[in-house]
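To find a chain, count down the sequence lines: A is the first, B the second, and so on, and within it residues start at 1.
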2 protein chains.
Amino acid sequence: MTQTSFRSGCPINLGLEVFGDKWTLLIIRDMMFAGKRHFREFPASDEAISSNILSDRLTMLVSAGILTRAGDPSHKLKAIYSLTEKGIDLLPIIAQISRWSRSYMPVDPVLAATGEARDKGGPGAIDAQMAELRRLHLGEG
Amino acid sequence: MTQTSFRSGCPINLGLEVFGDKWTLLIIRDMMFAGKRHFREFPASDEAISSNILSDRLTMLVSAGILTRAGDPSHKLKAIYSLTEKGIDLLPIIAQISRWSRSYMPVDPVLAATGEARDKGGPGAIDAQMAELRRLHLGEG
DNA sequence: TCCTTTGATTGCAAAATGCAATCACTTGCT
DNA sequence: AGCAAGTGATTGCATTTTGCAATCAAAGGA
């Protein structure tokens with residue numbers, strides 16, 4: 001009985017059951033845009049995630065197949081988190097959330113700049129960033 | 001002091017602070033794809049939202065400017081919820097969540113069909129559905 | 001040896017969720 | 001007029017999740 005029971009088979013619902021909370025996509029954001037790969041890097045963001053929630057979400061994301069966890073060869077206590085293709089493919093969702101917020105919410109202009117540049121670049125800009133993420137995170141499989 | 005204090009001015013975060021939970025986007029989904037406009041229609045969905053949470057989210061969505069609430073002229077107790085432009089503009093986010101789930105989650109094929117058709121129609125299909133939602137929800141302002 | 005860094009875990013208060021029952025009011029039917 | 005059904009919620013209460021600070025064991029660096 002290791003089967004998770006979902007509330008429904010609706011695609012919208014299934015996505016929300018995985019990342020429908022206030023923290024999960026911020027972790028993905030930090031990995032994608034700030035290059036964070038180590039546990040202790042995440043609480044440094046403005047939203048200041050606490051370590052218990054961070055630990056919970058990282059474990060969930062690994063078990064969901066969105067991240068992988070590997071040991072750092074140089075430091076035995078250090079873990080390196082990487083995006084999988086499933087994780088990298090969250091970028092279009094994040095880009096749309098960014099676009100929506102830049103239209104309707106009081107965003108910080110400095111933080112909005114990266115999203116504006118991406119929009120200006122068209123669909124090709126997202127594809128390019130996804131290709132770069134594949135290089136960084138799936139480099140040697 | 002009616003100002004909500006956000007965790008940060010990051011566009012991703014600001015979106016999550018509004019709809020980053022397991023229910024809000026399902027309500028929007030039901031309005032967009034099932035044409036639901038009345039309180040008692042929502043709990044009929046597979047996920048079976050309970051009335052206290054539904055009430056809380058509808059109030060929040062109205063105060064966030066994503067929905068409007070109007071009385072039904074024929075029934076004094078009946079309320080009609082409508083999407084605003086800000087709400088209609090959530091469709092591209094929902095479409096991306098749908099696309100991601102159809103790639104990576106065990107979606108119900110019947111429920112996935114509408115998303116597949118939308119993808120097959122390209123960006124024009126989303127624009128067309130948004131135009132139709134404007135007609136239905138913003139018809140007479 | 002001791003101090004720092006690492007990825008967490010623990011304890012506890014506060015908030016959110018989930019579920020069932022109930023509410024005040026209106027409508028439709030007879 | 002009377003009464004059942006339908007309306008958008010609210011209430012009470014148990015469970016779960018969140019938020020915050022302190023702490024942990026293992027490893028590395030000096």
Closest nucleotide among [options] to the [X] side chain:
{"X": "B:Arg40", "options": "C:dT26, D:dT10, D:dG8", "result": "D:dG8"}
{"X": "B:Asp21", "options": "C:dT26, D:dA21, C:dT17", "result": "C:dT17"}
{"X": "A:Arg69", "options": "C:dA8, C:dT6, D:dG8", "result": "C:dA8"}
{"X": "B:Ser51", "options": "D:dT7, D:dG29, C:dA20", "result": "C:dA20"}
{"X": "B:Leu77", "options": "D:dG8, C:dC25, C:dT6", "result": "C:dC25"}
{"X": "A:Ser55", "options": "D:dT7, C:dC19, C:dT9", "result": "C:dT9"}

Touch class at under 4.0 angstrom, heavy-atom based, for B:Arg7 against every strand present: nothing

Sugar-phosphate, base or nothing in reach of B:Asp56, heavy atoms under 4.0 Å: nothing

Could you tell me how far apart [X] ([atom1]) and [N] ([atom2]) are, to the nearest whole angstrom?
{"X": "A:Leu58", "N": "C:dT6", "atom1": "CG", "atom2": "P", "answer": "15 Å"}
{"X": "B:Lys76", "N": "C:dG28", "atom1": "NZ", "atom2": "P", "answer": "12 Å"}
{"X": "A:Ile53", "N": "C:dT9", "atom1": "CD1", "atom2": "C1'", "answer": "14 Å"}
{"X": "A:Asn52", "N": "D:dT16", "atom1": "CG", "atom2": "P", "answer": "18 Å"}
{"X": "B:Glu41", "N": "D:dG6", "atom1": "CD", "atom2": "P", "answer": "14 Å"}
{"X": "B:Asp72", "N": "D:dG6", "atom1": "CG", "atom2": "C1'", "answer": "13 Å"}

Polar side-chain contact A:Ser50-D:dT18 base: donor and acceptor under 3.5 Å: no

Phosphate OP1/OP2 of C:dT17: any B:Arg57 side-chain N/O under 4.0 Å: yes

Under-4.0 Å side-chain N/O to phosphate OP1/OP2 contact, B:Trp23 with C:dG18: yes

salt_bridge(A:Arg134, A:Glu85) N-O dist < 4.0 Å: yes

A:Trp23 six-ring face occupied by B:Arg7 cation (under 6.0 Å, within 45°): yes

